[in-house]
Amino acid sequence: MAASLPVFYSCLKCPAYCCTYPQIPVEKRDIRRLAKRFGISEEKARKKFTKKGEERGTRVLRHREDAIFDSACMFLDPDSRGCTIYEHRPTPCREYPGTVRCGYYDFLASERTRQEDDDLVITAWVADL
Ligand code: SF4
Ligand code: SF4
């Protein structure tokens, strides 16, 4: 097994900002995984958990209201800020952020240090995608 690189962010100390992105794309294989997880048909999973994406022909995860951010992925636990389908989460969630640093976490950590508040949450931040 290849050794994984160290990362400079901690999702456990973050309010799951990346789970609030409005367009989290899902492919057929992701929908198949969700269908298996919930024991329902792929068609049902597609309708229940995804909606049309902004880009033609794409599907994205559905959202629901969130107490910290305006809305977040429907699978985000609003209290623990963890993914409720972690083992079955879609591929983009597995691959994010794709580098050893997370821009949001860098900003959050630096503001927490600067403001001397370990629980500080930054809600207004624009990802440099
Ligand atoms: S925004 Fe960054 S630190 Fe926060 S949960 Fe997502 S990947 Fe982890
Ligand atoms: S499926 Fe899980 S990891 Fe992916 S956006 Fe939703 S809550 Fe976050």
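When a ligand or atom number is given, it counts from 1 through the structure's own listing order. Numbers here are sequence positions counted from 1. Everything numeric here is computed off the predicted structure, so don't read it as measured data.
The nearest protein atom to atom 4 (Fe) of ligand 2, hydrogens excluded, is given as Cys93 SG, 2.3 Å; this is a heavy-atom distance. Nearest protein heavy-atom contact of atom 6 (Fe) of ligand 2 is Cys73 SG, 2.3 Å. The protein heavy atom nearest to atom 8 (Fe) of ligand 2 is Cys19 SG, 2.4 Å. Atom 2 (Fe) of ligand 2 has Cys83 SG, 2.3 Å as its closest protein atom, hydrogens excluded (heavy atom only). Taking atom 1 (S) of ligand 2 as the reference point, the nearest protein heavy-atom neighbour is Pro90 CD, 3.7 Å.
Thr91 is not listed as a side-chain neighbour of Glu27, based on a closest heavy-atom distance of 4.5 Å or more. Side-chain contact check for Tyr96 versus Cys11: every heavy-atom pair is 4.5 Å or farther apart. The shortest side-chain heavy-atom distance between Val7 and Cys102 does not fall under the 4.5 Å cut-off. Looking only at side-chain heavy atoms (C-beta outward), Arg81 and Asp66 come within less than 4.5 Å of each other.
Screening residues 41-55 for side-chain hydrogen bond (donor to acceptor under 3.5 Å, both in side chains), with sequence neighbours left out, gives Thr50-Arg59. Applying the ring pair (Phe, Tyr, Trp, His ring centres under 6.0 Å) rule to pairs touching residues 41-67 yields Phe38-Phe49, Phe49-Phe75, sequence neighbours excluded.
Partners of Arg101 by side chain to side chain donor-acceptor pair (under 3.5 Å), not counting sequence neighbours, listed by chain and number: Asp106.
Comparing Leu76, Thr84, Thr20 against atom 7 (S) of ligand 2, the shortest heavy-atom distance belongs to Leu76.
Distance alone, capped at 3.5 Å, is enough to place a donor-acceptor pair between the Arg89 side chain and the Tyr86 backbone.
Of all the heavy atoms of Ala72, none lies under 4.0 Å from any atom of ligand 2, so neither backbone nor side chain is involved.
Distances from atom 4 (Fe) of ligand 1 under 2.8 Å pick out these protein N/O/S atoms: Cys14 SG.
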